[in-house]
Amino acid sequence: MNTHKTVLITGANSGIGLAASVLFAHEGWNVIMACRNELKGMEARRAVVRAAKNERITMLQVDLSSFQSVRHFSRQVKGRFMKLDALINNAAYFAHGSPHRLSEDGIELTFAVNTVGPYLLTEELKELLLKAEDPRVLHASSNIIKHFFDPKKELRLNRVTGPWPVQDTFTVYDQYRDSKMALVMLMFKQASVYRGTPISFHALQINGAKMSKSTLEGIAYPWKAAARIQNLFFPPPDKMAEKYLQVCSYSQFGEISGKLINHRLQVMEPASKNPSFSMQTKQVLHADYYPFYADNEKVQNELWELCGELTNKQPL
Ligand SMILES: NC(=O)c1ccc[n+]([C@@H]2O[C@H](COP(=O)([O-])OP(=O)(O)OC[C@H]3O[C@@H](n4cnc5c(N)ncnc54)[C@H](OP(=O)(O)O)[C@@H]3O)[C@@H](O)[C@H]2O)c1
């Protein structure tokens, strides 16, 4: 019998997802690499097997922007695995400079991949998670949520579906910012909905990790130039992959749930409603605080209901 722990990592063919696949594999876990592009996924799987000398690596194709694909993928996972010890929602769409696009289910693409996809995947796989002894769900968030220190900023949930209003400028950057805040708020809500079950939900605030060539290619000018400069200063993806492993395996993170964790593995605290300049600086430089807005339970509930309605999936 295979007694190894099993982790599922989305967006496992590049960047932090690939580095994490190698690391978990090296630590002896079974790794399910969930990749959008089958060919890239197969190549990445071979690289992981080679690097970690672990053959228990499975690659399965999934497009997180498509409900049908997420459901088909989840059925495959449930057919092949008895339990899931960790689910890492790492994949993200951030093709800055791209125009407004709707997913095949009619959802703005950034929000579809970065928020609704992780919601549906978690719901579809919860029965496997519940079979593990100490299951963890980890979402990859970003320090881009710092924009919500602005008290005027709020999630535009009424823009998630349908055409973008002609009078408003659309940017993937703004949608990425909102989708990552929504992911943190979803995590808080999931932790409360699943309280009393063994599943721990957390989000990791990522400040930066060197982006792959193909990720940089997906970004349009002028964003590309800024991303290239930033990339010079970012640590390699392995550094964040280590945090993924630590959050998914250290016992301290199984004893708590519903936490936003920073790159030093510290639990972040909510900032006050009108954060001082020094508090905002601490957030940006040290990631000690997150915007007050994230704790807004009314918006958390609206988001939860919206995800449920969109995917037509009843919560627990
Ligand atoms: N790198 C940073 O500086 C940074 C900073 C803050 C937060 N983060 C977060 O950290 C995570 C990893 O970032 P990274 O830089 O390692 O990213 P990356 O190398 O660009 O990887 C993103 C992954 O997501 C996959 N993906 C995109 N759309 C998908 C879809 N519809 N269905 C399934 N998979 C899809 C990509 O697949 P393809 O290769 O096929 O496109 C790729 O495997 C992301 O959540 C990101 O938001 C990163």
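Whatever order the structure lists ligands and atoms in, that order sets their numbers, starting from 1. Source: prediction; values computed, not measured.
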*asked:* Checking Q68 against S66: is there a side-chain donor and acceptor pair closer than 3.5 Å?
replied: no
Near [X], which atoms of ligand 1 are under 4.0 Å from a heavy atom of that residue?
X	answer
F234	3 (O)
G15	16 (O), 19 (O)
T215	18 (P), 19 (O), 20 (O)
S14	18 (P), 19 (O), 21 (O), 42 (C), 43 (O)
D63	30 (C), 31 (N), 32 (N)
L64	30 (C), 31 (N), 32 (N), 33 (C)
V62	32 (N), 33 (C)

Backbone, side chain, both or neither: what part of [X] comes under 4.0 angstrom of ligand 1, heavy atoms only?
X	value
N90	both
K40	side chain
K180	side chain
S141	backbone

*Should we count NE2 of H72 as having more than 12 external heavy atoms under 6.0 Å?*
no
*For atom NE2 of H26, decide whether the heavy atoms of other residues, nucleotides or ligands shown that lie under 6.0 angstrom number more than 12.*
no
*asked:* As a quick check of understanding, evaluate salt bridge (Lys or Arg N to Asp or Glu O under 4.0 Å) for K131 and E127, giving each step before the final call.
replied: CA-CA 7 Å; K131 287 184 183 150; E127 63 191 78; 5.1 Å; no
_Tell me whether the rings of F188 and Y290 are parallel (<30°), tilted (30 to 60°) or perpendicular (>60°)._
tilted
*Parallel, tilted or perpendicular: which fits the ring planes of H96 and F94, with parallel below 30° and perpendicular above 60°?*
tilted
Could you check [atom] against the protein and tell me its nearest heavy-atom contact, residue, atom and distance included?
atom	answer
atom 13 (O) of ligand 1	I16 CD1, 4.0 Å
atom 41 (O) of ligand 1	R36 NH2, 2.7 Å
atom 23 (C) of ligand 1	G11 CA, 3.7 Å
atom 47 (O) of ligand 1	Y176 OH, 2.6 Å
atom 3 (O) of ligand 1	A209 N, 2.9 Å
atom 43 (O) of ligand 1	N13 OD1, 2.7 Å
atom 10 (O) of ligand 1	I206 CD1, 3.3 Å

*Among I88, V70, N89, side-chain contact (heavy atoms from CB on, under 4.5 Å) partner for T10*: N89
*Given L303, T115, I145, the one that forms side-chain contact (heavy atoms from CB on, under 4.5 Å) with M181*: I145
*Backbone N or O of K40 within a donor-acceptor pair of the N13 side chain at under 3.5 Å?*
no
*Are the side chain of N114 and the backbone of Y93 linked by a donor-acceptor contact shorter than 3.5 Å?*
yes
*Are V299 and E154 close enough that some pair of their side-chain heavy atoms sits under 4.5 Å apart?*
no
_Could you tell me if the side chain of L155 sits less than 4.5 Å from the side chain of F148, heavy atoms only?_
yes
*Nearest candidate to atom 27 (C) of ligand 1, where distance is taken over non-hydrogen atoms, out of A92, P237, G117, A91*: A92
